[in-house]
Chemist: 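Starting off with a structure, shown below.
This is a predicted model, so every value here is computed, not measured. When a ligand or atom number is given, it counts from 1 through the structure's own listing order.
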Amino acid sequence: MQVEIHPTPESGSARAAEQIRGRLVEGFRLGVATGSTPLAVYAQLRDAHRRGELTLAGATAWALDEYVGLPRDHPQAYRNVLHAELVADDATGLSDARLHAPDGAHHDPRAAAREYEQAIGTGVDLQILGLGANGHIGFNEPIGSLRSQTHVGRLTPRTRQDNSRFFDDDIDQVPRECITQGLATIMRAHEIVLLAWGEHKAEAVAQMVEGPISARWPATVLQQHPRVWVYLDTASARDLTLTELYHHASA
Ligand code: F6R
């Protein structure tokens with residue numbers, strides 16, 4: 001793992017966006033996360049597109065996960081969130097047809113999960129990840145298989161509580177199930193860029209970077225991937241101990 005500790009989420013996001021921009025080529029397969037963490041990176045990609053410095057026109061984007069059971073037009077369905085971030089108003093040049101997500105409204109979610117796993121095939125070129133406070137990546141919650149493929153999963157009460165802020169602070173509106181890329185699916189990505197900001201992620205960050213590989217903290221599986229970049233702010237890096245090994249970026 002390459003770990004970079006930034007003074008602020010803004011400077012970490014700028015570095016991550018710069019790395020992603022440097023990788024984009026025709027036919028690039030970009031894995032995209034939702035949640036709050038990558039929003040500043042997406043904003044940077046939109047700004048670069050506005051300035052004519054970047055286009056995702058020749059790329060495809062692949063959602064990490066999707067809620068099960070939300071109506072297809074629900075604003076919090078992850079495909080719609082990603083559409084708003086990356087497609088709407090020619091945000092990045094990415095077209096709607098090139099934005100892929102598991103079909104959470106499918107009458108058979110397990111079949112939808114299998115179809116998505118097949119569509120991802122050998123893996124994306126670069127996967128953007130956030131990190132759950134409980135150590136999840138995608139919606140791979142603690143104690144699931146470290147070798148899972150895309151599957152239907154149950155969200156923990158903690159994750160539903162964390163995500164209720166997107167549902168009028170009402171946990172009852174947060175779906176109980178999701179379709180998520182599995183940990184084995186994520187591990188097939190050629191490169192991984194994981195972002196984590198804020199003190200509430202500090203324990204999960206310390207486990208992911210310095211803890212033993214364990215299904216208790218699913219993100220620890222990334223220790224076995226050869227090309228992972230971790231962008232942190234000082235708050236999320238709080239509990240790391242091998243600080244002399246990490247790159248400390250200045251503002
Ligand atoms: C999002 C996802 C989740 C989030 C994680 C962090 O597609 O799969 O793993 O990345 O829950 O969420 P935020 O960024 O809202 O703190």
Chemist: So how far is it from Gln149 CD to Thr180 OG1, rounded to the nearest 0.5 Å?
Modeler: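 Atom-to-atom, Gln149:CD and Thr180:OG1 are 12.5 Å apart.
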Chemist: Could you tell me whether Arg176 atom CZ has more than 12 heavy atoms of other residues or ligands within 6.0 Å of it?
Modeler: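 Incorrect, the count does not exceed 12.
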Chemist: With a 4.0 Å heavy-atom cut-off, what residues sit around ligand 1?
Modeler: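 If the criterion is a heavy atom under 4.0 Å, then ligand 1 touches Ala33, Thr34, Gly35, Ser36, Thr37, Leu64, Asp65, Gly130, Leu131, Gly132, His136, Gly138, Arg165, Lys201.
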Chemist: Do any pairs count as a side chain to side chain donor-acceptor pair (under 3.5 Å) and have a residue in residues 29-45, sequence neighbours left out, and if so which ones?
Modeler: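 The answer is Ser36-Arg165.
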Chemist: Working to the nearest 0.5 angstrom, can you tell me the gap between Glu210 CD and Thr241 OG1?
Modeler: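 Those atoms lie 3.5 Å apart.
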Chemist: Can you name the residues that form a side chain to side chain contact (heavy atoms under 4.5 Å, CB included) with Thr150, not counting sequence neighbours?
Modeler: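 Counting only residues at least two positions away or on another chain, Thr150 forms a side chain to side chain contact (heavy atoms under 4.5 Å, CB included) with Ala113, Tyr116, Glu117, Ile179, Gln181, Thr185.
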Chemist: Could I get the full list of side chain to side chain donor-acceptor pair (under 3.5 Å) partners for Asp103, not counting sequence neighbours?
Modeler: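 Partners of Asp103 under the side chain to side chain donor-acceptor pair (under 3.5 Å) test: Arg72.
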